[in-house]
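Being a predicted model, the structure only gives us computed values, none of them experimental.
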Amino acid sequence: ENVRYGETFTDALQRTADNPPSKPQLTNSGGLDIFQQEGDNRNKNIPLRRSKRGWMWNQFFLLEEYTGTDMQYVGKLHSDADRGDGSVRYVLTGDGAGTVFKIDEKSGDIHATKRLDREEKAYYILYAKAVNRFTNQALEGQSEFIIKIHDINDNEPKFTKDPYMARVPEMSDIGASVIQVTATDADDATYGNSARVVYSILEGQPYFSVDPETGLIKTALPGMDREVKENYQVVIQAKDMAGQMGGLSGTTTVSITLSDVNDNPPRFTKTLYDFRVPESLEPGSVVGVVRALDADIGENAEMDYRIIGSDGPGVFDIATNRSTQDGVIVLRKPLDFEKKHQFGLRLQVENVHLNPRFFSMGPFRDEASVKITVEDVDEPPVFERPSYIMEVKEDAAKNTVIGAVSASDLDDKRSPIRYTIDWRTDMDRVFNIHSGNGSVYVLRELDREENAWHNISVMATEFNNPQQISRVPVFIRVLDVNDNAPAFAANYETFVCENAKANQRIQTIGATDPDEPLAGHRFFFRVAPEAAGKANFSVHDNKDNTAWILTQRNGYNSLQKSVYHVPVVISDGDFPMQSSTNTLTVRVCSCDREGNMKLCNAEALTARAGLSTGALVAILLCVIILLMIVVLFAALRRQRKKEPLIVSKEDVRDNVVSYNDEGGGEEDTQAFDIGTLRNPEAIEESKQRRDILPETFYPPLRRPAPPPTYDNNGDVRDFISQRLQDNDGDPTAPPYDSLATYAYEGNGSVAESLSSLESVTTEGDQDYNYLSEWGPRFKKLADMYGGEDSGGES
């Protein structure tokens, strides 16, 4: 091929592929000489120069898919330095060297070792050099050359998809584009017709066609209807060699779906719909459902329903259920069988999304009639008014009729009505109603100032069907009557200075009245007639519902009189006139020159504080009673906390007491508690009960014990008797039986000591006569109190 001087074979191959030469430049030397031609059409007069090369090639092209038995010969490498003595060794490197291509090191012959596939690799770039076999020194510089694989038609066309999916609107015109298919051929498109593909349609006629060059599929039949047939399967073939005999081919399937267009109008399933509804149906309820069908799908089947005619305007409405495309008839106003038994409607349905292209096919709407029959229902009575307002004066007598309600049964039965008051709305039973005519009358006296309005509920019940009940609110307004006298508007605290002058204003008073006359209040003030002659103060009516209290003389003396009571008569201006006498308390105080109060006496201060003498006495009595209760509570608590003499959970009578202490003699009062000898059952019945609280808070005085005597047992007996009387009469004693300890031995003993130690150490004889003297005494004492004689010296 045409290779320029100084460029590699790779560059030459790329350049010649873009601008192929008219014919290759070959020499007659048996090898391939390379010439450089400077430009294709310029400098043609410049002689060509031959560049000497040390390499020779016999062949540069190989056919792919070689089927011979021997290795395919590629070419031969030869160097001018090769003299045939075997000293030159040829070396081949690059793409496939040693595997795809092998070289004879001595001769330089190159062979291909296997079948080559151009679609796998179109050319190979190799490098060759000659070296000295013995010294391994390069004899020729490395040179690059290319082995190009010639193409053969060994690949069939292949489509990029299989299958193809396509959509085209129904009713499309002839030639409407559907989809373009593409097939590729792996063969060389620049060499022959191996890769030139031609398209044809094998299945799908006469509905579709395909462009043989571009593979564009188009519609070939007008008026294809989706409602008749929606899906089509089209088979397209792609053949190489420009479709000539011997070419290879491939096929693909194209699935074509006709998309919907709005070419069908909606149609009602009936021309007349008949519905029956009860008259008690609530507004907003569904009366019935109508249906229209459309052969189209999706948004093309969306419909709108409307009422185009009705003999009951505004009573019904229709809406579209978007999920089912049904028409829903809804009640908008209450039905009344007694007024109208039947309604007629005229409905129209139309597509939402219209396509002007198909208007020529006719109107895309439909109409139907609807008959609605109202059925009678037994309904509760109906009052003439939704509510009633009645008025009555507060001084109305009992059984006074204040108004009437009226209800009727509108059904065909015309049942009589019975009226009652819902007593839950009139708990005090102020009103009642006549059950037959609905007259409302008063049962009790009214007081507007207590309750100005009464809201009750009246019930109407059918005699024939007591379950049918209706209610109506009745608002009763109580009209005012002048039945309350006016009084002071406030609790006035009034004082007059001792140095006051005559006709001096000391107080401005007003009045209040719970009544509410229509013209407003008008009050009149004056001094009570019985006090007018000797009054120290006067009342001046200001004619504006206020009055002034004025002094009648100069100077007042608090020592002579500290408080004055001024009776003021207040009258209203309504009919019948009501009046009341109100007393104004005026205290006398000392003031400065400017009239500011400085000091008032105690009575005046008490009056100022708003407390009378009786109130103070009552407060003082309460305080005293509270103090007495606190003292009594403390005394009771003290008694409860007093510890018993014997701390035991068991009764003393159940105890067995053991005494193992010899004691320290008669002077030892701690060794033995004589209180344990007391018998609880020896208490006399005539003694005062200890569970009764004594009337006095002070303990009785202890009487001094009489001087002891030494005659027989009299001193101990008297002592014990005195102690018993004191304890029995003690009001502070606990309210239960207890033991009392008596630590009295007497005034002396002839034995002087009971200690056994002393008897041992005494030089003389000890007199033990005390045993014969005191032993019987203790024995008698123990027997008297139910104790047990433990014996011994104790």
**OP:** List the steps, then state whether side chain to side chain contact (heavy atoms under 4.5 Å, CB included) holds for Val377 with Glu279.
**Re:** CA-CA 6 Å; Val377 175; Glu279 63 172 335; 3.7 Å; yes
Original post:
Any Lys/Arg nitrogen of Asp409 or Arg414 sitting under 4.0 Å from an Asp/Glu carboxylate oxygen of the other?
Top reply: no
Subject >> Donor-acceptor under 3.5 Å (Tyr419 side chain, Ser406 main chain) >> reply: no
Original post:
Got Leu126 and Leu92 here, is their nearest side-chain heavy-atom distance under 4.5 Å?
Top reply: yes
**OP:** Output yes when a side-chain donor or acceptor of Glu375 lies under 3.5 Å from a complementary backbone atom of Val277, and no otherwise.
**Re:** no
**OP:** Measure the shortest side-chain to side-chain distance between Glu350 and Met303 over non-hydrogen atoms and say whether it is less than 4.5 angstrom.
**Re:** no
Original post:
Can Tyr127 and Gln142 be counted as having a side-chain donor-acceptor contact under 3.5 angstrom?
Top reply: no
**OP:** Any chance you could measure Met224, atom CE, to Glu227, atom CD, to the nearest 0.5 Å?
**Re:** 13.0 Å
**OP:** For Ser387 and Phe475, work out which heavy atoms get closest and say how close.
**Re:** CB-CE1, 3.9 Å
Subject >> For Pro157 against Ala183, the heavy-atom pair lying closest together >> reply: CB-CB, 4.2 Å
**OP:** Say whether Ser369 and Arg346, considering side chains only, have a donor N or O and an acceptor N or O under 3.5 Å apart.
**Re:** yes
**OP:** In sequence, state the C-alpha distance, the side-chain angles, and the governing distance for Asp378 and Asn465, and then conclude on side chain to side chain donor-acceptor pair (under 3.5 Å).
**Re:** CA-CA 9 Å; Asp378 190 8; Asn465 187 2; 3.0 Å; yes
**OP:** Kindly compute the distance separating CD1 (Ile329) from CG (Leu345), expressed to the nearest 0.5 Å.
**Re:** 6.0 Å
**OP:** Give a yes or no on this: more than 12 heavy atoms of other residues, nucleotides or ligands lie within 6.0 Å of atom NZ of Lys229.
**Re:** yes
**OP:** Measure the OG1-CD distance between Thr253 and Glu203 for me, rounded to the nearest 0.5 Å.
**Re:** 7.5 Å
Subject >> Check: Leu248 main-chain N/O paired with Asp240 side-chain donor or acceptor under 3.5 Å >> reply: yes
Subject >> From CA spacing to verdict: side chain to side chain contact (heavy atoms under 4.5 Å, CB included), Val405, Val474 >> reply: CA-CA 9 Å; Val405 299; Val474 178; 4.0 Å; yes
Original post:
To the nearest 0.5 Å, how far apart are CD in Glu230 and CD1 in Ile256?
Top reply: 13.0 Å
Subject >> Side-chain H-bond candidate by donor/acceptor type, Glu302 with His353, under 3.5 Å >> reply: yes
Original post:
So, the side chain of Ser470 versus the backbone of Pro381: is there a donor-acceptor pair under 3.5 Å, distance only?
Top reply: yes
**OP:** Check whether any side-chain N or O of Asn300 sits under 3.5 Å from a backbone N or O of Asp260 as a donor-acceptor pair, and report yes or no.
**Re:** yes
**OP:** Apply side chain to side chain contact (heavy atoms under 4.5 Å, CB included) to the pair Lys76 and Ile110, showing each step before the final yes or no.
**Re:** CA-CA 6 Å; Lys76 182 181 181 63; Ile110 302 173; over 6 Å; no
Original post:
Is it true that the side chains of Asn155 and Asp185 contain a donor and an acceptor less than 3.5 Å apart?
Top reply: no
Original post:
Out of curiosity, Leu221 CG to Asp173 CG, how far, rounded to the nearest 0.5 Å?
Top reply: 11.5 Å
**OP:** Rounded to the nearest 0.5 Å, what's the gap from CG on Asn355 to CG on Asp296? Could you check?
**Re:** 9.5 Å
Original post:
Given side chains that start at C-beta, do those of Pro212 and Ser200 come closer than 4.5 Å, heavy atoms only?
Top reply: no
Original post:
When the ring centroid of Phe316 is compared with that of Phe343, is the distance short of 6.0 Å?
Top reply: yes
Original post:
Is a side-chain N or O of Ser177 found less than 3.5 angstrom from the main chain of Lys218, in a donor-acceptor match?
Top reply: no
Original post:
Between His111 and Lys102, is any pair of side-chain heavy atoms under 4.5 Å apart?
Top reply: no
**OP:** Mark yes or no for whether Thr271, through its side chain, and Ala368, through its backbone, hold a donor-acceptor pair below 3.5 Å.
**Re:** no
Subject >> Ionic contact status for Arg306 with Asp317, cut-off 4.0 Å >> reply: no
Original post:
Do the ring planes of Phe159 and Tyr199 sit parallel (below 30°), tilted (30 to 60°) or perpendicular (above 60°)?
Top reply: tilted
Subject >> Donor-acceptor pair, side chain of Thr219 and main chain of Gly175, under 3.5 angstrom >> reply: yes
Original post:
For Thr113 and Thr99, which heavy atoms make the closest approach, and how far apart are they?
Top reply: OG1-O, 2.5 Å
**OP:** Report the residue from Thr324, Asn321, Asp326 that forms a side-chain hydrogen bond (donor to acceptor under 3.5 Å, both in side chains) with Arg291.
**Re:** Asp326
Subject >> Pi-cation contact, Tyr124 with Lys121 (under 6.0 Å, within 45°) >> reply: yes
Original post:
Counting only heavy atoms not in Lys340, do more than 12 sit closer than 6.0 Å to its NZ atom?
Top reply: yes
**OP:** Under the side chain to side chain contact (heavy atoms under 4.5 Å, CB included) rule, what do Leu347 and Ile318 come out as? Steps first, then yes or no, please.
**Re:** CA-CA 9 Å; Leu347 304 181; Ile318 189 169; 3.9 Å; yes
Original post:
So do Thr251 and Leu202 actually touch side chain to side chain, heavy atoms under 4.5 Å?
Top reply: yes
Original post:
Taking it one step at a time, do Asn464 and Ser415 satisfy side chain to side chain donor-acceptor pair (under 3.5 Å)?
Top reply: CA-CA 6 Å; Asn464 298 334; Ser415 173; 3.3 Å; yes
Original post:
Just wondering, do Val234 and Ile201 contact through their side chains at under 4.5 Å, heavy atoms?
Top reply: yes
Subject >> Shortest non-hydrogen contact between Gly288 and Phe275, atoms and distance >> reply: CA-CE2, 3.6 Å
Subject >> For the student: nearest non-hydrogen atoms of Phe463 and Pro466, plus distance >> reply: O-CD, 4.1 Å
**OP:** Check whether any side-chain N or O of Glu170 sits under 3.5 Å from a backbone N or O of Val261 as a donor-acceptor pair, and report yes or no.
**Re:** yes
Original post:
Any side-chain heavy atom of Thr320 within less than 4.5 Å of one from Val328?
Top reply: no
Subject >> Parallel, tilted or perpendicular: ring planes of Tyr232 versus Tyr207, cut at 30 and 60 degrees >> reply: tilted
Subject >> N/O donor-acceptor pair under 3.5 Å between Thr252 side chain and Lys161 backbone >> reply: yes
Original post:
Under 3.5 Å, is there a donor-acceptor pair between the Asp294 and Asn351 side chains?
Top reply: yes
Subject >> Min side-chain heavy-atom separation Arg424-Asp422 under 4.5 Å >> reply: yes
Subject >> Closest contact, heavy atoms only, Glu379 versus Glu462 >> reply: O-OE2, 2.7 Å
